[in-house]
Amino acid sequence: MKTRTFPGRYESLAEIAEFVTIEATNAGLSHQETFELETAVDEAVSNIIEHAYGGEGIGEIKCHCCAEDDGITIILEDYGQPFNPSCIPTPDIKAQLKNRKNHGLGYFLMCQLMDDIKFDFHHDHNRLTMFKRKKES
Amino acid sequence: MEISTNQFKRCDVVKVTGRLDSATAPKLAEEFARINSEGRFKIVMDFTQLEFISSAGLRVLIATLKNCKRYNRGELVLAGLPANILSVFDLAGFTSIFKIFDDVLTAVAAF
């Protein structure tokens with residue numbers, strides 16, 4: 001398992017993307033699967049900064065990448081307020097433009113792009129565990 | 001992320017290079033707001049050099065589309081989407097609300 005800690009700032013997103021992309025490629029995920037993982041991780045980290053920490057520069061985000069036989073597990077840990085986006089209403093992606101909400105797509109995309117998502121809230125930290133399966137496995 | 005805008009007679013072409021995420025989306029929102037503030041609402045966004053888009057980028061696009069289409073004064077159309085980015089648009093249900101063209105020339109000609 002590879003672990004890195006990043007400042008909870010939006011500027012960290014590109015660096016986190018690079019880290020998980022390298023680990024996903026090493027784990028044998030395809031280009032498209034790696035892109036989908038990168039998108040889900042970006043959404044998760046953005047949610048942590050915006051909702052768990054309530055802004056940039058408040059706390060750190062620990063990112064673990066664990067290659068599995070059939071895919072890759074990503075664990076994100078933060079030390080902010082527990083935030084469970086599963087309580088956010090599912091966006092209506094078939095609505096006409098005038099009825100479309102500008103927000104609420106991030107968690108929806110995470111669920112669409114990952115094979116498993118689990119939130120654990122502890123007294124001193126929050127943990128998000130996501131798994132992405134390799135198609136050929 | 002880098003943004004370059006070319007103003008043509010029919011429309012503005014905004015080319016975005018690199019990553020469009022929570023760190024960079026506000027810069028694109030500012031550029032669209034600047035164009036709109038000058039009374040121009042017909043915009044082509046050139047995706048050919050875009051490597052990544054998150055929901056923060058999608059938010060900017062949908063807000064700009066709504067603003068451009070108000071009073072039938074224009075539209076934001078998209079051109080040259082790489083296949084992986086197009087797949088995100090599909091998931092988000094954006095392919096039904098945006099006009100998407102294979103290349104910039106065809107998109108400009110559509111105005």
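Protein chains get the first letters and strands the later ones, always in sequence-line order, with residue 1 at the start of each.
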Please determine whether residues [X] and [Y] belong to a single hydrophobic cluster, defined as Ile, Leu, Val, Met, Phe, Trp and Tyr linked transitively by side-chain heavy-atom distances below 4.5 Å.
X	Y	result
A:Phe19	A:Leu76	yes
B:Val44	B:Leu81	no
B:Met45	B:Val104	no

Under 4.5 Å from a heavy atom of chain B, the part of [X] involved:
X	result
A:Glu56	neither
A:Leu97	both
A:Ile49	neither
A:Glu11	backbone

Exercise. Taking the six-membered ring of B:Phe111 as reference, does the NZ or CZ atom of B:Arg10 fall below 6.0 Å from its centre and within a 45° cone about the axis?
Worked result: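 B:Arg10 over B:Phe111 ring: no.
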Go through [options] and name the one with the most non-hydrogen pairs under 4.5 angstrom from chain B.
options	answer
A:Gln32, A:His31, A:Lys94	A:Gln32
A:Tyr10, A:Phe108, A:Phe35	A:Phe35
A:Ala17, A:Pro91, A:Ala95, A:Ala14	A:Ala14
A:Glu43, A:Lys98, A:Gln112, A:Arg9	A:Glu43

Part of [X] lying under 4.5 Å from any heavy atom of chain A:
X	value
B:Ser96	side chain
B:Leu61	neither
B:Ser87	side chain
B:Leu58	side chain
B:Arg19	side chain

Exercise. Is a side-chain donor-acceptor pair under 3.5 Å present for A:Thr5 with A:Glu60?
Worked result: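 Short answer, no.
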Exercise. Is the closest basic N to carboxylate O distance between A:Lys2 and A:Glu23 below 4.0 Å?
Worked result: yes
Under 4.5 Å, counting heavy-atom pairs only, tell me which of [options] racks up the most with chain A.
options	answer
B:Glu51, B:Lys69, B:Arg59	B:Arg59
B:Ile53, B:Ile62, B:Ile97, B:Asn84	B:Asn84
B:Gly18, B:Ser55, B:Ser54	B:Ser55

Problem set entry | Parallel, tilted or perpendicular: rings of B:Phe89 and B:Phe94 (30°, 60°) |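 Perpendicular.
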Problem set entry | Trace of the side-chain contact (heavy atoms from CB on, under 4.5 Å) decision for A:Glu15 with A:Arg4 | CA-CA 10 Å; A:Glu15 221 177 323; A:Arg4 281 184 61 185; 3.0 Å; yes
Problem set entry | Candidates A:Asn84, A:Asp120, A:Asp78 - the one meeting side chain to side chain donor-acceptor pair (under 3.5 Å) with A:Asn126 | A:Asp78
For this session: Flag yes if more than 12 heavy atoms outside B:Glu2 fall under 6.0 Å of its CD atom; otherwise flag no.
Result: no
